[in-house]
Protein chains: 2
Amino acid sequence: MLPAQRRDELLRVLRTEGRVVAKDFAARHGLSEDSVRRDLREMAAAGLCQRVYGGALPVSPAVVDYAGRQGVAVENKDRVARRAAALVRPGSTAILDGGTTALAVARALPADLEATVVTHSPTVAAALAEHPAVKVLVLGGRLFKHSVVTSGALLAEAAAGIWADVFLLGVTGVHPEAGLTTGDAEEAATKRTLASRAGDTYVLASAEKIGAASAFRVLPLGEVTGIVTDVPLDDPAARALLDAGAPLVAAP
Amino acid sequence: MLPAQRRDELLRVLRTEGRVVAKDFAARHGLSEDSVRRDLREMAAAGLCQRVYGGALPVSPAVVDYAGRQGVAVENKDRVARRAAALVRPGSTAILDGGTTALAVARALPADLEATVVTHSPTVAAALAEHPAVKVLVLGGRLFKHSVVTSGALLAEAAAGIWADVFLLGVTGVHPEAGLTTGDAEEAATKRTLASRAGDTYVLASAEKIGAASAFRVLPLGEVTGIVTDVPLDDPAARALLDAGAPLVAAP
DNA sequence: CCTAGTGTTGCACGTTTCTGCGTACTAGCG
DNA sequence: CGCTAGTACGCAGAAACGTGCAACACTAGG
């Protein structure tokens, strides 16, 4: 990445996300933290941003407040996303589900990662367009409006022709008795189809999903390789899941 | 390689990849870095690119950056988009191309329209999730990063199974001699495939496309049903197109 | 066919810019 | 108050840069 490009990108992220975390930005784009910090320092000196401990914020305080709230809200999902992103090994093939957590995973993938990602979410596909080294395969089909993913016969047909190392599955509930659940029957079926096309299946389960249950079961707790969560494993809800045989994996 | 060829190629790479790295370009084409740098310097002086350490970037990031491109010539695109949206009749099936103009068409569709829209653009698909009565079919395939559309064998296979009343085609150039052109060979092939799956094909040609030409021809001017544009039909550029047999349709 | 003129190219040189690393300092947190 | 992570600063090496110059090719006119 060209130095000038790097600075443009920093400004862009600052504008769109309301903040820049030096460490994350460096990791995401395969840069040294030093270069990022140096840029931020110079941009701050030029009045283009406001340097703070850990990164930078936009100059205008109005934007900062908003960004701050957003930041706190997404922090949990980010932790799960970062942990899950590490499951996509260089050179491997991964299936990425739809939904906000899966979208966060797509964004958390290292910028220089060379891998193949299969997805049935147009939103995730568009996000992955930012990752130059990732081969992206979109599974077509009828668009399911609520969660913005494709499903149906066309998808099943396309999915039959692929095989992935890992499937990162998003659900709306992880419950000791109900298992892994989601809010729509067809969506559940689609997720099952995708799970059958990968060697390992990991569930993306940020805190608000733990202990929750929706109407339709995707899979029983024990039939996935791991459930990535940011809830501490000694939390009562987590204990209940572990007792029910859920393979919980704590995000750092 | 001829000097003039080299400069054309530099501009092409700049346009399609959004940047040129002097060293890489020289290595890739068996040139000296000196020559490349010299060209870039002159092009920058002529205002054709922006010289940065390591290579060059487009004059305005908006030219290439997909997100940035939205906002350029907004009103023009909207006029074309509204006119084109009227071509999607209630109850009919339409294929919608990728790109910013097609995205504008998706947004311009009436909120209560009952129709089926087929698209190979994740961005357009996501936008159509806002239209509750529109059935959306996403064509899967390998994601082409630059314009964020799918293409390849998987797409061709999926496209073979559909038939639409109308195809709304986005291009980067409408030129009296070059015809309808776009910046990538595979993209051009994909657009041809889609055109073959619809009864009528209409081109989305906002003013900046008129008279412009890119490297790869999608179709000759005469082989489409109509070319929707906001340029007045008595404009010299429009006249030249009409003389060349282009079926121009003026947007109101 | 020769020659002067023009433009392009590769190379050498000194300069500028960028980057990674070591060191010492500081903010945040328990 | 001590620990950790983040930070600033300085430095040295590497990479990229611009400039001047000489070699070369190509053209036009004699």
Side-chain angles (χ1 to χ4, degrees), chain A residues 1-14 17-59 61 64-65 67-69 71-72 75-76 78-79 82-83 86 108 110-112 230 232 234-235 250-252, chain B residues 1-11 13-14 17-59 61:
Chain A
M1 180 177 256
L2 264 38
Q5 262 187 311
R6 192 181 54 216
R7 285 173 206 123
D8 286 350
E9 179 67 10
L10 274 169
L11 282 175
R12 197 189 63 78
V13 168
L14 203 56
E17 295 177 24
R19 64 165 189 174
V20 174
V21 179
K23 190 178 176 174
D24 293 356
F25 187 90
R28 177 119 60 101
H29 294 79
L31 306 164
S32 82
E33 295 181 33
D34 251 326
S35 296
V36 176
R37 270 198 281 272
R38 224 184 303 253
D39 285 343
L40 290 179
R41 214 179 304 153
E42 280 161 23
M43 281 162 51
L48 287 140
C49 71
Q50 180 191 347
R51 192 78 174 81
V52 297
Y53 194 81
L57 297 173
V59 269
V64 175
D65 285 350
R69 274 184 278 124
V72 173
E75 217 127 89
N76 289 344
D78 270 359
R79 280 175 58 199
R82 276 198 297 275
R83 178 67 182 83
D112 57 346
D230 55 332
D234 52 3
D235 181 281
Chain B
M1 180 178 258
L2 265 37
Q5 242 185 323
R6 194 180 53 216
R7 287 178 203 119
D8 284 350
E9 178 68 8
L10 275 170
L11 282 174
V13 169
L14 202 56
E17 296 178 23
R19 66 164 188 176
V20 174
V21 179
K23 188 179 175 171
D24 294 355
F25 187 91
R28 180 133 48 103
H29 294 79
L31 307 164
S32 80
E33 296 181 32
D34 259 315
S35 297
V36 176
R37 270 198 283 270
R38 229 183 302 252
D39 285 343
L40 290 180
R41 218 178 303 154
E42 281 161 22
M43 281 162 51
L48 275 78
C49 71
Q50 181 192 346
R51 190 78 174 83
V52 298
Y53 193 84
L57 299 174
V59 266

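So that the names make sense, note that chain A is the first sequence line, chain B the second, and so on, each numbered from 1.
- Between the CZ atom of B:R41 and the P atom of C:dT16 there is a distance of 15 Å, given to the nearest Å.
- One finds the CZ atom of B:R28 at 7.5 Å from the CD atom of B:E9 (value rounded to the nearest 0.5 Å).
- Side-chain contact between A:H29 and A:R6: absent, with no pair of heavy atoms (C-beta onward) separated by less than 4.5 Å.
- Atom CE of B:M43 and atom P of D:dG18 are 14 Å apart (whole Å).
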(request) List the steps, then state whether side-chain contact (heavy atoms from CB on, under 4.5 Å) holds for B:L57 with B:V20. (result) CA-CA 7 Å; B:L57 299 174; B:V20 174; over 6 Å; no

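- We find that CZ of B:R19 is positioned 13 Å from P of D:dA16, with the value rounded to whole Å.
- In this entry the distance linking CG of A:L2 with P of D:dA15 reads 15 Å, nearest Å.
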(message) Apply side-chain contact (heavy atoms from CB on, under 4.5 Å) to residues A:L11 and A:R7 and explain how you reach the verdict.
(response) CA-CA 6 Å; A:L11 282 175; A:R7 285 173 206 123; 5.9 Å; no

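- Residues forming a salt bridge (charged side-chain N to carboxylate O under 4.0 Å, His left out) with B:R41 (at least two apart in sequence, or on another chain): none.
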Please write out the pairs of protein N or O atoms and N or O atoms of nucleotides 10-12 of chain C separated by less than 3.5 Å, giving the distance to one decimal.
residue: C:dG10; atom: OP2; partner: B:S32; partner atom: OG; Å: 2.8
residue: C:dG10; atom: OP2; partner: B:S35; partner atom: OG; Å: 3.1
residue: C:dG10; atom: N7; partner: B:R38; partner atom: NH2; Å: 3.0

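- Taking the side chain as every heavy atom from C-beta outward, A:E33 and A:F25 never approach each other to under 4.5 Å.
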Can you tabulate the close N/O pairs, meaning under 3.5 Å, that link protein atoms to atoms of nucleotides 2-6 of chain D?
residue: D:dA5; atom: N3; partner: A:Y53; partner atom: OH; Å: 3.0
residue: D:dG6; atom: O4'; partner: A:Y53; partner atom: OH; Å: 2.9
residue: D:dG6; atom: O3'; partner: A:G54; partner atom: N; Å: 3.2

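- Side-chain atoms of B:R51 and B:M43, non-hydrogen and from C-beta on, never get closer than 4.5 Å to each other.
- Rounded to an integer number of Å, the gap from CG of A:D39 to P of D:dA8 is 12 Å.
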(message) As a quick check of understanding, evaluate side-chain contact (heavy atoms from CB on, under 4.5 Å) for A:D24 and A:R82, giving each step before the final call.
(response) CA-CA 10 Å; A:D24 293 356; A:R82 276 198 297 275; 3.8 Å; yes

